[in-house]
Amino acid sequence: MLKKSTVFALSFSALYSITAIAQDQPSSGKYNHFYSSSPQDQKRVSDIVQNMSLEEKIGQMTLVNMATIKKESIPGNWDAIEKYHIGAILADGDEMPETGKPNLPDWQTQMQAIGSHNVTLANNNKIHIRLLLGTDAVHGDQHVANAVIFPHNIGLGATHDPELVKQIATWTAYDIKHSGFNWVYAPTVAVVHDYRWGRTYESFGSDPSWIKRFAEAYILGAQNSDDEKHQLRGVLTSTKHFIGDGNTDDGVDEGNVTVNDEAQFIKENYAGYEGAFSAGTGNVMISYSSINGTPMSVNKEYLKKYLFAEDDLVPRFNGFTVSDYTAITKAVYARHQVFHETLADAVNAGLDMIMVSQYDIEKASEDPALPDHSSNLSAFQAALKFDHDLPDGTPYKITEQRINEAVTHILQVKLAMGLLDSSQATLTPPEGNEDEVALKAAEESLVLLKNSTKEHQPVIPLTPEIKHIVLLGKVDDIGILCGGWNINWQGHEGNQYHTDDKASSILTGIKRIAPPGTEIIRELDTMKQLDLSKYTAKNTVVIALINEPPYAEFMGDIDNNNFNYNFAINSNLPPVEPGSLIMNFDDQPLGIIKSFKERNIPVITILVSGRPRIVNSSEDAPFNISDAFIAAWLPGTTGGEAIANAIFGKYRFGSNTANTLSVPWPKDMASIETGRLVCPSIRKIDDEQANAFYDCGYGLTT
Ligand code: GLC
């Protein structure tokens with residue numbers, strides 16, 4: 001079988017004839033993707049590439065955020081798109097419409113304005129190339145106020161319901177298209193190994209076999225591709241972050257994976273990509289993290305071996321790749337190079353499109369070998385051009401063939417998305433009801449870890465005799481139920497962006513379902529002055545919420561959440577002091593809890609977090625002092641209603657395979673620090689150190 005490297009030594013057209021032959025043959029079907037286009041489509045792309053100038057090709061390889069385009073455009077215009085021949089724009093984690101309001105009409109107006117700019121080829125003004133418009137809608141259309149926010153992936157993992165994830169992806173695709181985007185930077189298919197990692201919640205869990213199923217379901221739902229017609233009718237997915245982002249040493253985000261056994265590493269981390277490739281993801285985002293010291297952005301060996309390798313005569317993945325935000329600059333620091341050297345290594349390793357940040361632009365502008373020190377986007381593009389123009393034989397040359405290959409990968413996908421044609425498919429909403437899908441997902445994501453018996457029956461579901469509910473914690477906050485990537489990169493606390501009644505805090509949910517006349521006590525001062533004699537185990541329950549604050553990426557790392565250190569702004573800074581996953585009540589609520597426990601009144605604790613926490617470290621620790629304990633993860637805007645429904649019994653834990661752990665629950669830091677607390681399916685045999693407090697698949701029923 002021809003290896004890809006040999007094939008690319010042949011002429012460009014020869015490659016596609018081989019693929020075309022492969023396509024025409026009844027391939028095994030598992031890799032017959034929407035963008036494995038027909039011979040005529042391949043010729044159409046080839047003709048376009050041949051009509052493109054070098055600047056236009058470099059423009060298609062450039063992905064940049066809205067702020068950079070705005071900075072270099074005439075006010076109120078977006079003309080820098082044409083000036084730099086831009087092929088793709090993202091709304092990064094903190095970006096908002098120019099109005100400063102993240103409302104749907106403001107987004108629609110802005111994205112329509114941006115999307116109206118496209119590249120018309122200088123050599124052929126009949127050829128127009130429209131923009132890819134990307135967003136991190138990792139749990140719903142998170143840039144838009146009052147959008148439905150679904151549970152983050154770690155909770156979806158606990159549903160063990162790929163069909164539900166497919167529905168979520170379908171709704172997410174519809175919502176972001178309705179907002180004006182056509183590319184979602186999801187799914188994350190990381191296998192989480194160490195919960196000190198700030199992105200634990202973006203992983204579907206730590207059992208690769210389930211991640212493979214979720215990846216496939218998400219991509220089929222979001223892309224809604226017609227492989228026969230080679231059309232993508234939904235939005236383009238970006239499967240990320242290739243590879244090993246969830247397996248770094250000590251869970252350091254963007255850190256290094258020490259790989260001693262490559263086969264075991266692949267067994268533990270690759271399954272999500274298999275699911276993604278079989279479902280036809282059109283894009284893969286390359287991880288910041290390194291393997292044995294080599295950043296993935298320049299890791300030609302792993303990209304060639306596990307991303308581009310051919311199988312069944314059809315490439316395993318032949319969409320296009322994209323780097324992560326600032327990843328080139330981070331690799332420059334890691335390799336002590338100048339910008340254009342690392343950029344060339346990245347493109348030659350297989351990166352087709354570069355997600356360019358202001359840090360990259362600055363780094364390119366500082367590169368003494370480059371001609372452009374303007375701190376403008378032109379400095380980045382000059383770096384790509386410089387690497388291409390170097391005389392033969394120099395180490396950092398990017399060949400014409402490599403540039404054509406990268407642009408072909410991108411245009412093949414754009415063709416299938418209709419971005420090379422003026423027509424836009426009409427947008428029709430999916431079947432069913434989005435709010436119901438979100439509530440079902442939130443309910444199925446909850447895991448009941450403890451449910452003691454009181455007065456001869458389990459604490460959950462509550463009995464109709466309960467007339468008094470004492471609520472502790474931030475029970476009226478929808479922002480904390482959503483976590484990171486919610487309007488803001490780091491998310492937010494409060495309800496300011498979730499003002500309609502589709503969204504529910506825990507308090508809202510309880511008020512909706514509690515029988516009329518139920519007394520709800522929330523104020524600590526009131527609790528302290530209560531005459532407790534009327535409150536008994538039969539008529540009263542305490543519901544205590546403990547939560548992590550919203551966070552995203554390395555800012556959520558337990559041991560590495562230093563922005564300046566991470567963005568190499570000041571790489572001399574040491575990472576933050578080692579932290580801990582141990583979590584306890586604060587003194588005030590603990591005192592109140594104890595006062596009710598003295599009257600044998602049951603206590604239900606709800607943990608809202610992006611990951612398991614160690615909640616059994618002492619007699620007064622939340623798990624130990626509570627009579628019932630729910631891991632709610634980050635359930636999203638319907639989370640309050642879901643939690644209330646589960647506590648009152650309107651929803652019963654354990655329907656089908658739902659409500660079971662997607663990750664093992666740790667008993668102590670030691671079981672984390674060994675780095676071996678993974679699901680039994682990939683646990684080394686008889687690895688006693690790894691045994692968990694509760695294993696994958698655990699969850700009580702009601
Ligand atoms: C971020 C993340 C990546 C995201 C991208 C665009 O740094 O690593 O997951 O898709 O940048 O926001």
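One-based numbering, in listed order, for ligands and for the atoms of each. What you see below is based on every heavy atom in this structure, not just the backbone, and it leaves out hydrogens, waters and symmetry mates.
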Geometric N/O contact [X] with ligand 1, under 3.5 angstrom:
{"X": "Lys240", "answer": "yes"}
{"X": "Tyr185", "answer": "no"}
{"X": "Arg199", "answer": "yes"}

**Item:** Check: Glu72/Tyr84 side-chain N/O donor and acceptor closer than 3.5 Å
**Value:**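 Short answer, yes.
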
**Message:** Using a 6.0 Å distance limit plus a 45 degree cone around the ring axis, check whether Lys330 lies over the aromatic ring of Tyr288.
**Reply:**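 Checked: cation-pi criterion met.
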
**Request:** Go through ligand 1 atom by atom and flag the ones less than 4.0 Å from a non-hydrogen atom of Glu553.
**Result:**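 Selected atoms, number and element: 1 (C), 2 (C), 7 (O), 8 (O).
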
**Request:** Go through ligand 1 atom by atom and flag the ones less than 4.0 Å from a non-hydrogen atom of His241.
**Result:**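 This gives 3 (C), 8 (O), 9 (O) as the contact atoms.
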
**Message:** With a heavy-atom distance limit of 4.0 Å, tell me whether Thr326 approaches ligand 1 through its side chain, its backbone, both, or neither.
**Reply:**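 No part of Thr326 comes within reach of ligand 1.
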
**Prompt:** Using a heavy-atom cut-off of under 4.0 Å, does the side chain or the backbone of Asp136 touch ligand 1, or both, or neither?
**Reply:**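 Side chain only; the backbone of Asp136 stays clear of ligand 1.
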
For the pair [X] and [Y], find out whether any cationic side-chain nitrogen is under 4.0 Å from an anionic carboxylate oxygen.
{"X": "Lys101", "Y": "Asp106", "value": "no"}
{"X": "Asp345", "Y": "Arg335", "value": "yes"}
{"X": "Arg199", "Y": "Glu202", "value": "yes"}

**Message:** Centroid separation under 6.0 Å, is that true for the rings of Trp197 and Phe554?
**Reply:**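 When the ring centroids of Phe554 and Trp197 are compared, they turn out to be at least 6.0 Å apart.
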
**Asked** Where is the nearest protein heavy atom to atom 7 (O) of ligand 1: which residue, which atom, and how far?
**Response**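 Checked against all protein heavy atoms, atom 7 (O) of ligand 1 sits closest to Tyr288 OH, 2.7 Å.
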
**Request:** Could you tell me the residue and atom name of the protein heavy atom closest to atom 11 (O) of ligand 1, and the distance to it rounded to 0.1 Å?
**Result:**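 Looking at atom 11 (O) of ligand 1, the protein heavy atom closest to it is Asp324 OD1, 3.1 Å.
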
**Item:** Beyond-backbone contact of Thr248 with Ser289, side-chain heavy atoms, under 4.5 angstrom
**Value:**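 Side chain of Thr248 against side chain of Ser289, heavy atoms only: contact under 4.5 Å found.
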
**Asked** Looking only at heavy atoms of Met285, does any of them come nearer than 4.0 Å to an atom of ligand 1?
**Response**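 Right, Met285 reaches ligand 1.
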
**Asked** Of all the heavy atoms in Trp489, does at least one lie under 4.0 Å from an atom in ligand 1?
**Response**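 Per 4.0 Å heavy-atom rule, Trp489 does not contact ligand 1.
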
**Prompt:** What residue among Asp245, Asp324, Asp136 forms salt bridge (charged side-chain N to carboxylate O under 4.0 Å, His left out) with Lys240?
**Reply:**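 That would be Asp136; it is the only one of Asp245, Asp324, Asp136 passing the salt bridge (charged side-chain N to carboxylate O under 4.0 Å, His left out) with Lys240.
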
